[in-house]
**Q** 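Below is a structure I'd like to ask you about.
Fair warning: this is a prediction, and the values are worked out from it, not measured in the lab.
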Number of protein chains: 2
Amino acid sequence: MRAVAVTISDVARAAGVSKGAVSYALNGQAGVSEDTRRRILSTAAALGWTPSLRARSLSSSKAYALGLVVARDPKLLGTDPFFPSFIAGIETTLADRGYSLVLTVATKPGAEEASYRRLAHEGRVDGVILSDMRTDDSRIALLLELGLTAVTLNRPNTPSPFPAVCMDDTEGISHAVQHLVDLGHTRIAHVGGSQHYIHGLNRRNAWADTLQRNGLDHDLFIEADFGAVEGVAATADLLARENPPTAIVYANDIMATAGQAHAQQRGLRIPDDLSITGYDNTEYAQYLNPALTSIGSDPLLWGSAAAQVLLNQLGGTHDGDDVVLPAPGLITRGSTAAPHGRSTPGSN
Amino acid sequence: MRAVAVTISDVARAAGVSKGAVSYALNGQAGVSEDTRRRILSTAAALGWTPSLRARSLSSSKAYALGLVVARDPKLLGTDPFFPSFIAGIETTLADRGYSLVLTVATKPGAEEASYRRLAHEGRVDGVILSDMRTDDSRIALLLELGLTAVTLNRPNTPSPFPAVCMDDTEGISHAVQHLVDLGHTRIAHVGGSQHYIHGLNRRNAWADTLQRNGLDHDLFIEADFGAVEGVAATADLLARENPPTAIVYANDIMATAGQAHAQQRGLRIPDDLSITGYDNTEYAQYLNPALTSIGSDPLLWGSAAAQVLLNQLGGTHDGDDVVLPAPGLITRGSTAAPHGRSTPGSN
DNA sequence: AGACTTAACTAAACCGGTTAAGTGGCCGAT
DNA sequence: ATCGGCCACTTAACCGGTTTAGTTAAGTCT
């Protein structure tokens, strides 16, 4: 077998110093001369020593890990392309800094709070990343109670002591709506996500504001849950109205995809009879028939940035400001066109 | 502030015993009488004491965590609905047993091995779950070298000392092919996933075997990478042939979706001119136009079972046998029908 | 030259558990 | 009665780091 384990004592002995000196040298603290530090570090390297994470954890009361609690209805879990990429982004930052990610999935209502409590109580993590912010999000108070540091994705609507990493939802939706208006649409509906989510709310507001700026009504709104089933129901509701929309802006690609299929089954041609836009620019969006106009966010970047801010916050080197990432842009594809095949008016 | 921390010493003092006795009582070991054990445990409960994970980790050389390394091309990461549900399944088992999941995402070639090495070297985890088994999978030797325990999803093709949790791929594909044969198809192609994966290989073999059993050729095979882009390319290749297939069995829903859209853009009607089947039964599959016939696996169950087996293995209570889960079944939808609108022949 | 800092270390306590080794009391066997 | 053995504990070492409280030698000030 290989050398079982080389400890700080082995290094100290080999370098002819005390354990304490090795610790100082390792952590870049005062207490050893530059010469000695170099000597210690080189003998450490020669012995192939790395400090034990566990021992370090115990004596320094740190976990060297971050937590992410994903709260999702089991049905919606597999559909969202956000998390895998987001997590990959987190990893790119963490791996470099010797941190790990502890992931928890909460599929039942009470499980989310329990997860945070457990992570904090067991000391599994030093901080958590809060995604899917909700209005009056109870997690902020919870984390304060638990003494966990955090970073939030976008700024919550309640006072929060935690830094936020922001990626604006509204710009993309505004572009989508304006794009439809420019094409000549006047009855533009919105199938939103749950309005308990800040981003659900933001997207709706951006839709409404842009319509208002163009002097159009924003009464064609239906709230759904970001899932395909409710996306279909909302679409059915809208299309059954006396004066149905000629375009629907969906809050994500899943609902848009489901809505598009439903409209087609009803005999509508897309985009001629109905224009459709999504959000997320999922991989399959471009392979739908017709390909889906969507808004392409960057979860990888978001994850990487969030992890960085949180680590800096933990290290005390964060300046306290929110970090603002570039807003996702509109990707125009075949699912949007002028209503009833009319050509684009000269606006824009 | 709340009580800072109650330690084993506090409990020992309160119960009038030594630290050791408390430890014995906690871990159900011999060394204390039943009466004393109860007394200790009840004072522990009264004080709200839970043993420190960190201290325990250090002295018992265990991490109380499992690892999962997801190796994926960044482009394919968001598309696969498998992992979120799979992870949720793992969680359901872990949470009950006080374990946590450390997740790593490896997007670059060398990163996967580095991840395993890091998890082992830092002692972050006690064992790992190996998914996406490959032929001659180098991870098995790697984990043996690193001294990590593991469980594999399906049995690898090389000797492996680790227990496997199996969910048969071949049955679903056989059903799909037989279903198409029964509808009257004779030229049934397969767009497979990467043949480096055992499940890519299995699905291809199941397709070929079923055709052979029905006296049909199995020469219409193209290997792709489970991604949409290569799915389209493979479809284009097949449809451009002199004698194109009337049905295509894809190795997953993403490629099937992309292939379907491509065929439709070429002017083919589905299912009349071309039948299509997928694999995974993704959420959006039923909302495609037409809805996609697919094979519905159960990642949640798989994750939960895998975690259970691994924990038992770690605890020494696993019997060493592989666990076999029910094989996923075929879900028939609108994307499959008799070729050229002919009615189903009388078979089956 | 003596008092006082300060740099560069060492020794030992500490984090909060587990566990090997030791101790006293009770029991049955000789 | 006495010895061995076992039960129910206690004591203390240990896991591998961090950190506080010394200690020593050299330098500074007056």
Side-chain angles (χ1 to χ4, degrees), chain A residues 3-41 43-44 47-65 98 120-124 126 147 314-315, chain B residues 3-41 43-44 47-65 98 120-124 126 147 314-315:
Chain A
V4 188
V6 31
T7 75
I8 197 173
S9 301
D10 301 328
V11 176
R13 201 175 310 120
V17 294
S18 69
K19 277 169 56 176
V22 177
S23 178
Y24 292 143
L26 174 71
N27 297 309
Q29 290 184 15
V32 282
S33 66
E34 244 341 282
D35 282 359
T36 315
R37 179 188 312 278
R38 268 195 294 272
R39 187 163 49 86
I40 291 175
L41 291 182
T43 54
L47 294 180
W49 175 70
T50 329
S52 149
L53 187 72
R54 287 170 189 156
R56 237 184 181 188
S57 255
L58 176 59
S59 74
S60 67
S61 300
K62 287 198 280 182
Y64 300 96
H121 186 236
E122 294 185 346
R124 290 266 185 196
D126 300 317
L314 287 169
Chain B
V4 188
V6 31
T7 75
I8 196 174
S9 301
D10 300 328
V11 175
R13 201 174 310 121
V17 294
S18 69
K19 278 169 55 175
V22 177
S23 179
Y24 292 141
L26 174 71
N27 298 310
Q29 290 184 16
V32 282
S33 66
E34 248 337 286
D35 282 359
T36 315
R37 181 188 311 277
R38 268 196 294 272
R39 188 162 49 85
I40 291 176
L41 290 182
T43 54
L47 293 179
W49 175 71
T50 328
S52 149
L53 186 72
R54 287 170 188 156
R56 237 184 181 186
S57 253
L58 177 60
S59 73
S60 67
S61 302
K62 287 199 281 184
Y64 300 97
H121 186 236
E122 295 184 347
R124 291 267 185 195
D126 299 318
L314 287 169

**Q** Pick the nucleotide of DNA chain D nearest each of A/G20 and B/E34; which residue has the one closer to the 5' end?
**A** B/E34
**Q** Nearest whole Å is fine: how far is D/dG16 P from A/L26 CG?
**A**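 After rounding, the gap between these two atoms is 16 Å.
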**Q** Pick base, sugar-phosphate or nothing for A/V22, based on heavy-atom distances below 4.0 Å to the nucleic acid.
**A**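 It contacts nothing in the nucleic acid.
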**Q** Distance from B/S52 atom OG to A/L58 atom CG, nearest 0.5 Å?
**A**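 Between atom OG of B/S52 and atom CG of A/L58 there are 6.0 Å.
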**Q** Atom CZ of B/R39 to atom P of D/dA8: distance rounded to whole Å?
**A**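 After rounding, the reported distance stands at 13 Å.
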**Q** What's the closest nucleotide to the A/W49 side chain, out of D/dG17, C/dC9, C/dG17?
**A**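 Of the candidates, D/dG17 comes closest.
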**Q** Measuring from A/D35:CG to A/I40:CD1, what's the distance to the nearest 0.5 Å?
**A** 11.0 Å
**Q** Which nucleotide sits closest to the side chain of A/Q29: C/dG17, D/dT18, D/dT19?
**A** D/dT19
**Q** Report the residue (A/S59 or A/G31) whose heavy-atom-nearest nucleotide on DNA chain C is the more 5′ of the two.
**A** A/G31
**Q** For A/G16, report the nucleic acid contact type (base, sugar-phosphate, nothing); a contact means any heavy atom under 4.0 Å.
**A**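 Here A/G16 touches the backbone only, sparing every base.
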**Q** B/N27 has an atom CG; how far is it from atom C1' of C/dT18, in whole Å?
**A**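 Distance check: B/N27 CG to C/dT18 C1' gives 8 Å.
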**Q** Applying a 4.0 Å non-hydrogen cut-off, can you work out what B/S57 is touching in the nucleic acid: base, sugar-phosphate, or nothing?
**A** nothing
**Q** Once you round it to whole Å, what is the distance between C1' of D/dC9 and CD1 of B/I40?
**A**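 It is 10 Å, rounded to the nearest whole Å.
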**Q** Starting at CZ of A/R56, measure out to CG of A/L26 and round the result to the nearest 0.5 Å.
**A** 5.0 Å
**Q** Is the phosphate of D/dC9 approached by B/S18 (side-chain N or O, under 4.0 Å from OP1 or OP2)?
**A**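 So the side-chain polar atoms of B/S18 never come under 4.0 Å of the phosphate oxygens OP1 or OP2 of D/dC9.
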**Q** Is any N or O donor-acceptor pair between the side chain of B/K19 and the base of C/dG17 shorter than 3.5 Å?
**A**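 Looking at the base of C/dG17, it does pair with a donor or acceptor on the side chain of B/K19 (distance under 3.5 Å).
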**Q** Is there a side-chain contact between A/R13 and A/L47, using heavy atoms and a 4.5 Å cut-off?
**A** no
**Q** Which one, D/dT11, D/dG16, C/dT18, comes nearest to the side chain of A/T7?
**A** D/dG16
**Q** What is the distance, to the nearest angstrom, from the NZ atom on A/K62 to the C1' atom on C/dG16?
**A**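 Taking NZ of A/K62 and C1' of C/dG16, I get 19 Å after rounding.
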**Q** Using whole Å, what does the distance between atom C1' of nucleotide C/dG17 and atom CZ of A/R56 come to?
**A** 20 Å
**Q** Atom CD of A/E122 to atom P of C/dG17: distance rounded to whole Å?
**A** 13 Å
**Q** Side-chain donor or acceptor of B/Y24 under 3.5 Å from a matching atom on the base of C/dA20?
**A**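 Such a pair is found, so the answer is yes.
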**Q** Indicate, with a heavy-atom threshold strictly under 4.0 Å, whether A/T36 touches base, sugar-phosphate, or nothing.
**A** sugar-phosphate
**Q** Consider the side chain of A/L58, meaning its heavy atoms from C-beta on, and name the nucleotide among D/dG16, D/dG17, C/dT18 that approaches it most closely.
**A**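 Ranking D/dG16, D/dG17, C/dT18 by closest atom to the A/L58 side chain puts D/dG16 first.
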**Q** Under 4.0 angstrom, heavy atoms only, what part of the nucleic acid is A/S23 near: base, sugar-phosphate, or nothing?
**A**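 Touches a base.
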**Q** Could you tell me the separation between the CG atom of A/L53 and the P atom of D/dT18, rounded to a whole number of Å?
**A**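 Spelled out: CG on A/L53 to P on D/dT18 is 11 Å.
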**Q** To the nearest 0.5 Å, tell me how far B/K62 NZ sits from B/L53 CG.
**A** 11.0 Å
**Q** Hey, are the side chains of B/S23 and B/Q29 touching, using non-hydrogen atoms and a 4.5 Å cut-off?
**A** no
**Q** When you check the phosphate oxygens OP1 and OP2 of C/dC15, does a side-chain N or O of A/S60 lie under 4.0 Å from one of them?
**A**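 No, A/S60 has no side-chain N/O under 4.0 Å of OP1/OP2 on C/dC15.
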